[in-house]
Amino acid sequence: MEGEKKSSVSDVGAWAMNVISSVGIIMANKQLMSSTGYGFGFATTLTGFHFAVTALVGMVSNATGYSASKHVPLWELLWFSIVANMSITGMNLSLMLNSVGFYQISKLSMIPVVCVMEWIMHNKHYSREVKISVVVVVIGVGVCTVTDVKVNAKGFICACVAVLSTSLQQISIGSLQKKYSIGSFELLSKTAPIQALSLLLLGPFIDYYLNDLFIINYKMSLGAALFILLSCTLAVFCNVSQYLCIGRFSAVSFQVLGHMKTVCVLILGWVLFDSALTFKNISGMAVAVVGMVIYSWAVEVEKKRQSATKSLPNMKNCLTEEEIKLLKEGADSKPIKDIELGGTK
């Protein structure tokens with residue numbers, strides 16, 4: 001019981017860290033990148049800074065013996081880093097080329113995409129309750145976030161790449177941790193340097209395509225530098241907690257409960273930045289929260305159902321060797337009768 005309580009507390013702690021750091025980094029980046037703030041519109045390069053700081057923390061942790069380094073084949077690390085970078089780039093391009101409404105729809109589509117990919121890759125099945133709760137969450141978040149929906153060919157392709165690569169990345173985090181028995185922070189320490197190097201090399205060119213401005217031409221101020229440092233610090237907690245959550249839960253749970261961050265961002269945007277909060281937003285958030293509660297309940301029901309199935313008594317295992325021997329001897333000691341059409345002999 002104590003072990004279960006500690007596990008539950010650590011699960012809640014990992015999830016709370018992810019929600020707080022994710023919402024915090026969105027608020028910090030909004031001030032850093034908005035035109036009313038510091039106008040630092042280099043999202044891909046900033047992500048490279050995030051992974052560079054995360055890689056530095058990982059190297060310090062390994063050097064001090066806080067975390068152990070386990071072997072993971074280089075080709076798997078490279079493959080994972082390529083998928084993760086495609087996710088980041090695809091999201092940035094999708095946000096630039098599509099309307100906000102279609103961008104939100106593409107993010108919502110990750111939940112069914114993750115479900116289908118886990119079914120294909122790991123033969124995972126979901127109960128009816130889980131499917132219903134996922135639909136409720138998608139409807140609720142869609143109501144409170146989706147506004148105008150405009151689609152174009154380039155934007156649609158970028159959105160598809162972003163959704164597929166992000167879904168594959170989140171599934172791969174959990175599978176790599178299980179395959180190599182490696183902790184979340186150790187895996188992040190191995191992938192962060194590769195992602196940082198590639199994003200810092202390619203990021204300025206991607207950002208130039210998005211903004212028509214190179215980062216070297218940006219006039220850095222003390223306030224912008226402090227917000228970049230804050231963003232990188234929060235990114236370390238965000239990255240670590242993401243790996244922790246997917247390692248503890250599943251990619252689907254991470255997506256469903258992750259929409260709690262969307263609700264928090266809308267509320268904080270209304271409180272801190274005077275964003276409009278309409279009846280449509282409030283009703284959508286209420287439906288989304290109900291869906292998340294249903295999902296949590298459905299997952300617990302499924303866990304109990306699976307544990308009950310595993311605990312069904314196996315008759316062969318219930319019998320001792322002595323009882324099996326006695327049964328065999330009893331069967332052998334019975335008189336044998338040859339039964340024919342005419343009677344017995």
Side-chain angles (χ1 to χ4, degrees), residues 11 14-15 18 72-73 75-77 79-88 90-91 94 102-142 146 156-182 184 187 191 242-262 287-288 290-312:
D11 289 349
W15 190 252
N18 184 257
V72 179
W75 71 269
E76 292 222 49
L77 295 176
W79 172 83
F80 176 82
S81 299
I82 290 170
V83 172
N85 289 347
M86 286 176 62
S87 167
I88 295 166
M91 281 295 182
S94 176
F102 185 75
Y103 175 76
Q104 291 294 341
I105 287 177
S106 66
K107 287 183 69 177
L108 289 174
S109 68
M110 286 182 195
I111 298 179
V113 169
V114 167
C115 291
V116 172
M117 291 181 74
E118 285 198 324
W119 172 63
I120 294 172
M121 296 172 64
H122 303 297
N123 196 28
K124 188 171 182 178
H125 298 275
Y126 300 92
S127 65
R128 182 181 61 183
E129 295 86 354
V130 170
K131 293 175 183 176
I132 292 172
S133 64
V134 166
V135 172
V136 174
V137 171
V138 169
I139 292 172
V141 177
V146 175
F156 181 77
I157 293 171
C158 290
C160 290
V161 171
V163 169
L164 292 173
S165 56
T166 303
S167 303
L168 183 59
Q169 177 207 9
Q170 293 179 356
I171 294 172
S172 300
I173 290 174
S175 59
L176 283 175
Q177 286 183 239
K178 292 176 183 177
K179 184 177 181 180
Y180 296 104
S181 301
I182 188 171
S184 55
L187 178 60
T191 57
Q242 178 183 351
Y243 279 60
L244 276 173
C245 287
I246 297 178
R248 291 173 180 273
F249 309 114
S250 67
V252 176
S253 297
F254 184 76
Q255 281 293 329
V256 171
L257 299 178
H259 286 299
M260 179 63 73
K261 293 178 281 189
T262 304
V287 173
V290 169
M292 292 170 199
V293 173
I294 295 173
Y295 179 81
S296 301
W297 167 79
V299 169
E300 288 301 318
V301 169
E302 193 170 6
K303 284 181 181 178
K304 289 179 181 179
R305 190 179 298 157
Q306 290 175 354
S307 62
T309 303
K310 290 179 181 178
S311 61
L312 286 174

message: Within a 6.0 Å radius of atom CH2 on Trp79, are there more than 12 heavy atoms belonging to other residues, nucleotides or ligands?
response: yes
Of the non-hydrogen atoms in [X] and [Y], which two are nearest, and what is the gap between them?
| X | Y | value |
| --- | --- | --- |
| Ala162 | Met91 | CB-N, 3.6 Å |
| Met117 | Ser167 | SD-CB, 3.7 Å |
| Ser175 | Ser172 | OG-O, 3.0 Å |

Counterpart residues, side chain to side chain contact (heavy atoms under 4.5 Å, CB included), relative to [X] (two or more places apart):
| X | answer |
| --- | --- |
| Ala159 | Ser94, Asn98, Phe102, Ser106 |
| Leu176 | Glu76, Phe80, Tyr180, Leu187 |
| Met86 | Ile82, Val161, Ser165 |

Set of residues satisfying side-chain hydrogen bond (donor to acceptor under 3.5 Å, both in side chains) with respect to Ser81, sequence neighbours excluded: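 In terms of side-chain hydrogen bond (donor to acceptor under 3.5 Å, both in side chains), with neighbours along the sequence ignored, Ser81 is linked to no residue.
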